[in-house]
Protein chains: 2
Amino acid sequence: MPALSDRIHMLDSETKAVETPEDHAEELRLWLRLLTCTTLIEGEVRGRLRQRFDVTLPRFDLMAQLDKAPDGMTLSDVSKRMMVSNGNVTGLVERLVESGHLDRRTSETDRRVQVIRLTKLGRAEFRRMAAEHETWIADLFADLTPKDVRELMRLLAKTKASAQKSAASRRP
Amino acid sequence: MPALSDRIHMLDSETKAVETPEDHAEELRLWLRLLTCTTLIEGEVRGRLRQRFDVTLPRFDLMAQLDKAPDGMTLSDVSKRMMVSNGNVTGLVERLVESGHLDRRTSETDRRVQVIRLTKLGRAEFRRMAAEHETWIADLFADLTPKDVRELMRLLAKTKASAQKSAASRRP
DNA sequence: GGAAAACATTTTAGGCTTAAAACAATTCGG
DNA sequence: CCGAATTGTTTTAAGCCTAAAATGTTTTCC
């Protein structure tokens, strides 16, 4: 059993936690800055993709996923990788199949599963866009030194892990 | 006039720049990681706002802007601050006026301008949500040390400046 | 003063996005 | 085996979002 002074201390710190809410303004500012950076870059890339290739960002992102998977992916895989809802992918894929960029077929071993892959056209167009896209990104980050890039990578990895942990603890 | 050896060197480096495109894989990875972090946190916040308060993230964001401006803002101001299109704001405001959270009036000095502000209800609800929201953010970033937070702030400020510069140079 | 440019907002058309419900197919446990 | 969960996808309803054109208003600058 704790000494009286310890119990008083515990009570104090508990009371403090309840009555004087901690200041999290720094984290809030960090979050807003993170969001600003992403929105800024995303908007720029979106605009360039439209102007230069008349393609939307979500389409480009989906093709990017498939380019890394020559044997195709299931819709669920894509949905998890892109961190978007299932229904979202259904619609995106529909339009890309329609335009001839994607090939969609039902798996032979599991008839629930749809496997999608890039068509020859889809792959060619994606490669063309991706090459230019990479230079845009390089340009947008041009003022960062290699050290800045490394450090940001490290801190964002830590951020991602922290956020995933926090998110997971709410959804067990 | 440069010496022959210098000219050869110049030709070499120019040729290299054209024929062997530089490798920007690191920047690309950085961009994807930045996007992942934002998407992860944004999704988490969106879900909690919906579950806890039955409000959407864009509505919350708009109210957050107005909470900082007791005298109201014009739609253009809001649109610039939130980095979304004008038309987008029109619709958001419409729904928030409809639900009684916002007050909208035409400026008396310039009849083009609409000034919006939070109603009493809107402000009260926002404050309630914002208090909880702040703890979610703190939780999502909980594994970062104060030093990590400072360093991220610094690097993201640099990133933002770099991206803005690059974006501006394309749209003069 | 009046045409032209600039500005603030709304409208339009189309696409993206989500959460939740519905449907279909497979796997699991008794 | 067979009913119950689980899994993969689609559908639905509502809202978000953009780019571009349209509308109304103010400013600029001959």
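Below, read A as the first sequence line, B as the second, and so on, with proteins coming before strands; counting in each chain starts at 1.
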**Request:** Identify which nucleotide among dT9(D), dC17(D), dC16(C) has an atom closest to any side-chain atom of P58(A), counting heavy atoms from C-beta outward.
**Result:** dC16(C)
**Request:** Answer yes or no: does a side-chain N or O of R111(B) lie under 4.0 Å from OP1 or OP2 of dT27(D)?
**Result:** no
**Request:** Map D110(A) and G87(A) onto DNA chain D by nearest heavy atom, then report which one ends up closer to the 5' terminus.
**Result:** D110(A)
**Message:** Whether S76(B) contacts dT9(C) is assessed here as follows: a side-chain N or O lying under 4.0 Å from the phosphate OP1 or OP2. Is that the case?
**Reply:** yes
**Prompt:** Would you say the base of dT9(D) and the side-chain of R112(A) have a donor-acceptor pair closer than 3.5 Å?
**Reply:** no
**Asked** Is there a chain of hydrophobic side chains (I, L, V, M, F, W, Y, each step under 4.5 Å between heavy atoms) that links V115(B) to L66(B)?
**Response** no
**Prompt:** Are any non-hydrogen side-chain atoms of R117(A) and R105(A) less than 4.5 angstrom apart?
**Reply:** yes
**Message:** Assess whether a salt bridge exists between E26(B) and R150(A), defined as any Lys/Arg side-chain N lying under 4.0 Å from an Asp/Glu carboxylate O.
**Reply:** no
**Prompt:** Quick one: is dT18(C) close enough that its OP1 or OP2 comes under 4.0 Å of any side-chain N or O from N88(A)?
**Reply:** yes
**Fill in**
Which of dG15(D), dT10(D), dG8(D) is nearest the side chain of R95(B)? It is dG15(D)
**Message:** By nearest atom, which of the nucleotides dT9(C), dT11(D), dT9(D) is closest to the T74(A) side chain?
**Reply:** dT9(D)
**Asked** Hey, does the side chain of R59(A) come within less than 4.0 Å of dG14(C)'s phosphate (OP1/OP2), counting only N and O?
**Response** no
